[in-house]
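Just so you know, ligand 1 is whichever comes first in the structure, and atom 1 is the first atom listed for that ligand. We're numbering straight along the sequence, starting at 1.
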Amino acid sequence: MSMAIPDLQDVVAEIADEMRQRVDRGDVATYIPELARVDPGHFGIAVIDAEGHVATGGDADTPFSIQSISKVFTLTLALGLAGDRLWQRVGREPSGSRFNSIVQLESERGIPRNPFINAGAIAVTDLILSGHQPREALGEILRFLQFLADDTTIQIDKAVAASEQRTGFRNAALANYMKSYGVLDNPVDFTLGVYFHHCAISMSCRQLATAGRFLAHLGRNPSTGFSVVTPERARRINAVMLTCGHYDGSGEFAYRVGLPGKSGVGGGIIAIAPGKASIAVWSPGLDESGNSHLGRIALEALAKRLNLSIFGS
Ligand code: GLN
């Protein structure tokens, strides 16, 4: 049975071309000084169908800071370590608040709403760190991404990590607040160090789309045959991506694109079309919710032209 998407490369090239010409590009994140230096003119896209055909457009091979997209992979690792126990320290409901908001933490006694807002991702990182030195935990995360993307050249951008470490006062506040409720097990500085560094991993659209393939295919990479997670777990990670992957813009993303997705303030988005494709886009300018402006528009166009929405055509 062929699951190849007809005209995939044509559609992807067409969208890259349209995005290149747009003047509305959003604003690059400036609260991490190193990200403020990125040229907003970039646009990249990579789509990998069920048969492993790769279609790319624009800057698909330029590495960028994956930022919060890393949270999909730390969630996957943490579920592997703790199973459903993970849900004792982090919820799985959309927050309706900004990605770095602290308001809900007080009324919810230090338990973050979901693993994709910053507080939730810091709690997930803390779980991965337990029993390890920070350097080892970070190595686990990096090697997991290298394995999934089948590419050992993937690295951490040390300048981005240092930039965020220097200015990450709000994340430090979130972490200290959770620590006061006993939600974090490790020293706050250690947990934050690992968190900042996994957010600072650099990957291209092609590498990210490859790494996401297991989520599109019931937990298994159809090219290598390797099972990463069970079908049930893949389905559940996709569910959390759909409902929480774009913070307070998650409803809008589901409405317009109709795919599980995860954004990062570096301007990347990974999106999963179950059974059909793994997709990554990159455009550094962000919308008011901190999600890639053109990335979302490109995914909307792609989902529409290829009939990819999980909600039907
Ligand atoms: N490292 C970023 C932060 O903690 C991640 C945020 C994001 O990509 N939305 O602020």
Side-chain angles (χ1 to χ4, degrees), residues 26-38 63-75 90 94-102 105 112-126 128-129 134 138 141-142 145 156-178 184 188-203 205 208 240-241 243-250 252-253 261-271 280-293 295-296:
D27 300 309
V28 297
T30 50
Y31 77 100
I32 301 174
E34 201 61 23
L35 293 184
R37 297 159 37 131
V38 178
F64 59 90
S65 192
I66 68 169
Q67 292 295 321
S68 288
I69 302 173
S70 62
K71 297 171 182 175
V72 174
F73 304 101
T74 50
L75 172 65
V90 60
S95 69
S97 313
R98 282 193 68 72
F99 65 89
N100 56 5
S101 169
I102 200 166
L105 274 184
R113 268 291 171 96
N114 68 64
F116 292 153
I117 52 172
N118 285 9
I122 292 167
V124 166
T125 301
D126 183 74
I128 295 172
L129 174 57
L138 192 58
I141 297 167
L142 183 62
L145 275 166
I156 295 165
D157 185 329
K158 298 265 168 52
V160 172
S163 181
E164 190 167 355
Q165 200 134 27
R166 253 193 330 270
T167 56
F169 304 111
R170 192 180 277 251
N171 284 322
L174 294 170
N176 279 291
Y177 202 77
M178 288 189 285
L184 303 187
V188 164
D189 283 353
F190 284 18
T191 301
L192 283 175
V194 177
Y195 171 79
F196 291 143
H197 281 79
H198 75 62
C199 287
I201 291 172
S202 284
M203 289 171 73
C205 289
L208 271 174
V240 182
M241 286 170 72
T243 51
C244 310
H246 283 73
Y247 318 111
D248 49 336
S250 298
E252 185 71 6
F253 189 82
K262 182 74 206 82
S263 66
V265 288
I269 304 178
I270 181 170
V281 293
W282 173 49
S283 176
L286 308 178
D287 64 19
E288 62 287 351
S289 302
N291 302 313
S292 175
H293 174 67
R296 199 264 295 145

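With ligand atoms numbered from 1 in the order given, ligand 1 contributes 1 (N) to contacts under 4.0 Å with heavy atoms of Cys199. Of all atoms in ligand 1, listed by their number and element, those nearer than 4.0 Å to a heavy atom of Gly264 are 8 (O). Here is the list of ligand 1 atoms found below 4.0 Å of a heavy atom in Tyr247: 7 (C), 9 (N). Counting atoms of ligand 1 from 1 in the listed order, those under 4.0 Å from a heavy atom of Tyr195 are 1 (N), 2 (C), 3 (C), 4 (O), 5 (C).
Remark: side-chain polar atoms of Lys262 are paired, donor with acceptor, to backbone N or O of Gly245 under 3.5 angstrom. Looking at Ser163, its side chain does come within 3.5 Å of a backbone N or O of Glu34 through a donor-acceptor pair. Judged by distance alone, the side chain of Asn291 and the main-chain N or O of His246 form a donor-acceptor pair under 3.5 Å.
Residue Asn171 places a heavy atom under 4.0 Å from ligand 1.
Annotation: atom 10 (O) of ligand 1 to nearest protein heavy atom, Tyr31 OH, 2.5 Å. Distance from atom 3 (C) of ligand 1 to its nearest protein heavy atom, with residue and atom name: Glu164 OE2, 3.0 Å. For atom 7 (C) of ligand 1, the closest non-hydrogen atom on the protein side is Ser68 OG, 2.5 Å. If you check which protein heavy atom lies closest to atom 1 (N) of ligand 1, you get Gln67 OE1, 2.5 Å.
Using a 4.5 Å cut-off on side-chain heavy atoms (C-beta onward), Val38 and Trp282 make contact. Contact of the Ser97 side chain with the Ile117 side chain is not registered, since no non-hydrogen atoms from C-beta on lie closer than 4.5 Å. For the pair Gln67/Cys199, a side-chain contact is recorded, criterion being any heavy-atom separation below 4.5 Å from C-beta on. Counting heavy atoms from C-beta outward, Thr74 and Tyr195 have side chains that stay 4.5 Å or more apart.
Contacts between Phe196 and ligand 1, counted as non-hydrogen atom pairs separated by less than 4.0 Å, are absent for every part of the residue. Within the 4.0 Å heavy-atom criterion, both parts of Val265, backbone and side chain, lie near ligand 1.
Taken to the nearest 0.5 Å, the CZ atom of Phe99 stands 10.5 Å off from the CG atom of Leu174.
Inclusion of Phe99 in the set of residues having an N or O under 3.5 Å from an N or O of ligand 1 is not warranted.
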